[in-house]
Participant: 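There's a structure below that I have some questions on.
Letters A, B, ... mirror the listed sequences (proteins, then strands); counts begin at 1.
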Protein chains: 2
Amino acid sequence: MSTFAPMPDPPYHAVIFSSQLGAETAGYHEMAELLADLASKQPGYIGAESLRDSRGYGITVSYWRDAQAVLGWKQISTHLMAQKLGKARWYDHYTLRVAQVERHYEGPEGR
Amino acid sequence: MSTFAPMPDPPYHAVIFSSQLGAETAGYHEMAELLADLASKQPGYIGAESLRDSRGYGITVSYWRDAQAVLGWKQISTHLMAQKLGKARWYDHYTLRVAQVERHYEGPEGR
């Protein structure tokens, strides 16, 4: 994915996913790649920004055209995770927040 | 700051700041620390989650009680940045998105 997600006219939606990986990450990276690829093909997908540090803490923000697109992605990703995860527990902890972007800016000015 | 920001009852606000640092970062880290410290003392501050990689790309999401808190922080941070920045150009590029969190979840379930 590109570093900065596109900025369509607001309102649009953001899904903010913060997570701490546990010690057992076998299969995780393949799953993350598969999910990112699948997300990018969903209706209403705008883009995503993602980072993970060496201690396994990560932030991924994905952007979606509207609430319907977020729900569509939730259904597909939940189903896929349930299929693939089985009893695996990649995440020690995660939070997922669904938000509506009201306005945005970019800079620095004059560039 | 702690890794995961608190999750008060929605709605609340998120400020999603993505940035790419340029080659000249003298003074940047002190400024970032000062801003984070100042933010944490503002009315309506909930918390923040932040990561930056070795190539200078970062994501910081700060959470605020309401739109008024976001505006208050915007005024103070803009003023401070203007004072301190001078002609410095730490950022090659940044995006800032203001969003209202509608709902949230945490997991994994059963822990």
Participant: Contact part of A:S54 toward chain B, heavy-atom cut-off under 4.5 Å: side chain, backbone, both or neither?
Facilitator: neither
Participant: Side chains of A:S18 and B:E49 only: does a donor on one sit below 3.5 Å from an acceptor on the other?
Facilitator: yes
Participant: Given the options A:H13, A:R103, A:M7, A:R52, which has more heavy-atom pairs under 4.5 Å with chain B than any of the others?
Facilitator: A:R103
Participant: Side chain from CB out, backbone as N, CA, C, O: work out which of these in A:V98 comes under 4.5 Å of a heavy atom of chain B, or both, or neither.
Facilitator: both
Participant: Measure the spacing between OG1 of B:T3 and CG of A:D92 and express it to the nearest 0.5 Å.
Facilitator: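 It comes to 11.0 Å.
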Participant: Do A:Y57 and A:H93 get their side chains close enough for a donor-acceptor pair, meaning under 3.5 Å?
Facilitator: no
Participant: Would you sort out whether A:L21 and A:Y28 count as a side chain to side chain contact (heavy atoms under 4.5 Å, CB included), showing the intermediate values?
Facilitator: CA-CA 9 Å; A:L21 291 176; A:Y28 167 75; 3.8 Å; yes
Participant: With a 4.5 angstrom heavy-atom cut-off, is it the side chain or the backbone of A:Y12 that approaches chain B, or both, or neither?
Facilitator: side chain
Participant: Please confirm whether B:R97 makes a cation-pi placement over A:Y105, using NZ or CZ under 6.0 Å from the six-membered ring centre and within 45° of the ring normal.
Facilitator: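 B:R97 over A:Y105 ring: no.
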Participant: Identify which part of A:I16 has an atom lying under 4.5 Å from any heavy atom of chain B, answering side chain, backbone, both or neither.
Facilitator: side chain
Participant: Is it the backbone or the side chain of B:Y63 that comes under 4.5 Å from a heavy atom of chain A, or both, or neither?
Facilitator: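 Interface part for B:Y63: side chain.
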